[in-house]
Amino acid sequence: MRKWLLALAATALTSVSLAQGKLEIFSWWAGDEGPALQALLDLYKKKYPNVEVVNATVTGGSGVNARAVLKTRMLGGDPPDSFQVHAGQELIGTWVVAGRMEDLSSLYKSEGWLTKFPKGLIDLLSYNGGIWSVPVNIHRSNVMWYNPAKLREWGVQPPKTWAEFLTTCATLKGKGVEAPLALGEAWTQQHLWESVALGVLGPDSYANLWNGKLKFNDPKAVAVWDTFGKVLDCANKDASGLSWQQATDRVVQGQSAFNIMGDWAAGYMVTTLKLKPGEGFGWAPSPSTSGTFMMLSDSFGLPKGVKNRTQVLNWLKLLGSKEGQDAFNPLKGSIAARTDSDLSKYNAYLQSAARDWKSNKIVGSLVHGAVAPESFSSQWGTVMEIYLSSKNARAAANAAQAIADQVRLGR
Amino acid sequence: MKWLRNLDSLVAVLTLLPSVILLAIFVYGFIGQTIQTSLTNWGKDPAQALAINPVLQFVGFENYKELFSGFIHGRFRQDLVNNIFFTVFFVGGCLLVGLSLAIILDRSPKGEGFFRTIFLFPMSLSFVVTGTIWRWMLQPAGGVNQLPSTVGLPEGQFAWLTSRQQVLQFDWNHLPLFTAWLIGLILLWIGVAALRGGEARRGWIALGSAALLIGWAVFIGPRVQLLPFPEIHGFNLAFIGIIVAAVWQMSGYTMALYLAGLRGVPEELREAARVDGASEVQLYRRIIFPMLAPITLSAMIILGHISLKIFDLIWAMTGVDNAPTEVPALLMYVTTFRSNKIADGAAIATILLLLVALVIVPYLYSQLRGEVRR
């Protein structure tokens with residue numbers, strides 16, 4: 001039945017266009033991110049005019065819906081030629097361990113990418129001696145956003161450490177700011193957690209959480225929850241009803257002083273709200289994480305058994321090239337994964353992020369799929385819920401360790 | 001004439017065959033497959049979860065045991081509690097609002113047809129639309145909380161969808177105790193009613209089982225520990241907003257059901273009761289409500305199975321990963337399609353199926369039996 005349908009679909013398609021090949025790109029870049037993807041697709045079409053490119057997008061922030069569709073397609077034996085996936089464990093823990101992806105090490109060698117991408121990034125993409133996807137962009141997770149004019153009015157400085165943050169929070173509360181920290185729905189709370197964890201643990205211990213060397217119920221890791229609880233007390237009470245944009249709005253409008261969010265917030269403030277980086281909004285690494293770049297990245301890989309392998313390899317080559325990355329990223333509001341990109345194409349925020357990308361220590365994000373497989377990160381909500389409903393740091397830490405054991409985190 | 005009859009039945013069989021085959025595969029076959037999956041360890045090992053040919057092992061009822069007693073599955077248990085509270089309040093609310101509206105409309109006020117359409121209208125929307133509208137209205141600073149300020153009162157402060165407060169809390173470990181008491185008391189009531197009605201055998205059986213259950217609850221029940229630790233569950237106040245939206249959507253439908261029932265009560269009966277000196281209140285209590293009992297039952301079944309399977313409304317109102325307003329159906333989606341724990345998801349789905357079956361099968365059974373008798 002499926003074969004028959006496929007045959008029908010194939011004849012229908014070939015009768016429409018007699019292109020030499022086909023390439024189906026599966027992603028969740030629709031809406032605001034659509035133009036960036038289109039720039040890449042246009043570039044591809046210019047280079048390979050005879051290939052018919054099918055742009056298959058499934059909307060939904062962070063790919064929540066796209067990933068479910070992708071799974072049904074892969075399980076149904078109909079893999080897209082190349083699909084977007086968060087670089088790191090989200091790809092490795094789901095698709096690489098299941099033996100569904102091809103190793104791209106040879107592509108990295110032939111294109112000379114091993115020296116063009118930072119080593120910390122290559123480490124996150126590697127597993128079992130292979131490199132499994134090509135990163136297109138880099139976002140930073142540990143950024144604290146603020147409104148410079150409002151901070152001057154309140155007479156406070158952006159805090160450098162979490163201890164300072166809590167003092168500043170108390171000061172601001174004294175001045176009548178009800179919620180100095182702006183927070184949104186469930187995943188933004190998890191996002192805040194990873195910044196707190198990185199700040200409290202430092203980059204090495206933070207990385208050890210994910211390779212199993214540091215247990216979640218170790219006193220050091222339990223301490224993260226204590227700080228997290230205190231930080232949460234600074235946040236707005238209606239958080240779970242707000243999207244991340246609405247949380248950012250609170251800072252822009254001066255209802256809150258700070259917001260910890262990935263740097264797509266810069267894209268939102270520059271493009272949608274028309275604010276000028278450095279004037280309309282300011283940024284700093286989230287407290288206690290200066291010198292560390294918590295990254296997440298969108299990447300594309302090569303599933304086994306695709307119909308148009310050559311076209312996919314050409315696509316991946318384009319994605320990893322300087323030309324491709326510099327066409328895509330200024331529009332997307334992210335920086336290039338390569339360290340040799342042309343900075344003049346980027347705005348002030350992105351230039352500063354690119355400088356940090358070259359010099360900082362690199363760690364990966366939990367919520368955005370870099371350091372933990374989906375089987376772990378998607379259950380992180382359960383851990384958060386245990387903490388939020390009981391305020392019991394030890395219970396949450398035990399639950400996190402139980403889940404880590406169950407999904408064999410870091411093994 | 002015999003061949004004609006045979007031809008008739010042949011045609012009947014042939015006409016029914018396609019739908020029987022399709023049902024057998026796409027409903028019962030897949031139910032079977034889901035149950036089978038729930039008895040395996042599919043998803044425990046990430047390497048097998050999405051492999052082309054996953055190697056699965058039969059683990060029996062391990063997944064179910066984990067769901068009901070495992071430490072990290074507390075979320076499932078809270079979801080189950082959420083769903084049961086939601087069902088009780090949603091069905092109760094719909095019946096109450098629907099019946100009130102139906103009684104008002106039954107008295108043929110001016111513009112009855114107009115109001116009937118208005119009240120029935122929400123039903124034509126999909127839950128996603130309803131959910132989105134109500135989500136906006138119930139925002140912390142949104143419409144409903146602003147409403148009092150239009151008449152000069154202070155703004156409402158209630159966190160409709162974001163509250164983290166819990167009421168009616170109980171310890172999961174006491175669940176068997178409560179269940180035993182509840183069923184015991186119901187059996188007691190059935191037994192007494194049966195004895196009064198002269199059905200001695202049925203009455204004594206019911207009384208005997210009631211005594212057994214209540215005896216268990218008094219002597220053994222308090223010592224039962226399901227979990228090695230106390231686990232508090234309760235009714236999350238964030239559900240109030242969702243219940244309001246769901247009742248808004250479905251009470252018009254309940255009203256239509258009741259209205260049909262009320263119109264089915266013969267005018268002669270009402271008049272006879274009035275002639276016998278019954279007051280309006282007595283008329284409703286003694287004559288009309290008892291005649292509406294079958295409608296209440298149908299409405300409860302229809303609403304009950306909707307609320308046990310509720311998914312899209314909550315998805316639209318508070319998102320899919322918001323634990324305080326989660327139900328097993330949403331957790332099943334997250335577990336299967338995000339965590340890749342396919343066997344666990346199948347187990348949750350099977351539990352949901354059993355819950356819905358618990359509501360529907362006795363109803364179908366009694367309906368079918370009634371029809372055969374006729």
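We use all heavy atoms of the structure for the numbers below, so side chains are in, but hydrogens, waters and symmetry mates are not. Every chain is numbered from 1, with letters handed out A, B, ... down the list of sequences.
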Is it the case that more than 12 heavy atoms not belonging to [X] sit under 6.0 Å from its [atom1] atom?
| X | atom1 | result |
| --- | --- | --- |
| B/Phe229 | CZ | yes |
| A/Glu178 | CD | no |
| B/Gln165 | CD | no |
| B/Phe58 | CZ | yes |
| A/Lys230 | NZ | no |
| B/Lys65 | NZ | no |

What are the two closest non-hydrogen atoms of [X] and [Y], and how far apart are they?
| X | Y | result |
| --- | --- | --- |
| B/Pro46 | A/Val97 | O-CG2, 3.6 Å |
| B/Leu50 | A/Arg100 | O-NE, 2.9 Å |
| B/Phe71 | A/Ala402 | CD2-CB, 4.3 Å |

### Query
Do you know which of B/Pro324, B/Gly43, B/Gly70, B/Gly74 has the most heavy-atom pairs under 4.5 Å to chain A?
B/Pro324
Of the listed residues ([options]), which shares the most heavy-atom pairs with chain B below a 4.5 Å separation?
| options | answer |
| --- | --- |
| A/Gly241, A/Ala186, A/Ala68 | A/Gly241 |
| A/Ile403, A/Val383, A/Leu388, A/Asn398 | A/Leu388 |
| A/Thr382, A/Val407, A/Val96 | A/Thr382 |

### Task
Begin with the C-alpha distance, continue with both residues' side-chain angles, and end with the deciding distance and a verdict on side chain to side chain contact (heavy atoms under 4.5 Å, CB included) for B/Asn340 and A/Glu374.
CA-CA 8 Å; B/Asn340 306 331; A/Glu374 280 176 295; 3.6 Å; yes
### Message
Are A/Arg408 and B/Asp45 packed together at the side-chain level, in the sense that at least one heavy-atom pair is separated by less than 4.5 angstrom?
### Response
yes
Residue [X] versus chain B: region with a heavy atom under 4.5 Å:
| X | answer |
| --- | --- |
| A/Ala400 | neither |
| A/Gln401 | neither |
| A/Trp95 | side chain |
| A/Gln190 | side chain |

Hey, what do you get for [atom1] ([X]) to [atom2] ([Y]), rounding to the nearest 0.5 Å?
| X | Y | atom1 | atom2 | answer |
| --- | --- | --- | --- | --- |
| A/Arg67 | B/Phe337 | CZ | CZ | 13.5 Å |
| A/Asp238 | B/Leu161 | CG | CG | 11.0 Å |
| B/Ser339 | A/Gln406 | OG | CD | 9.0 Å |

### Query
Between B/Gln139 and chain A, which part of the residue has a heavy atom less than 4.5 Å away: side chain, backbone, both or neither?
side chain
### Query
Measuring heavy-atom distances to chain A, does B/Pro54 have an atom under 4.5 Å in its side chain, in its backbone, in both, or in neither?
neither
### Query
Which one of A/Ser378, A/Ser377, A/Ser375 satisfies the side chain to side chain contact (heavy atoms under 4.5 Å, CB included) criterion with B/Arg338?
A/Ser378
### Task
Could you please spell out the steps behind the side chain to side chain contact (heavy atoms under 4.5 Å, CB included) verdict for A/Ser389 and B/Arg164?
CA-CA 7 Å; A/Ser389 58; B/Arg164 292 203 70 90; 4.3 Å; yes
### Task
Indicate whether the side chain of A/Gln379 and that of B/Lys341 have a donor and an acceptor atom separated by less than 3.5 Å.
yes
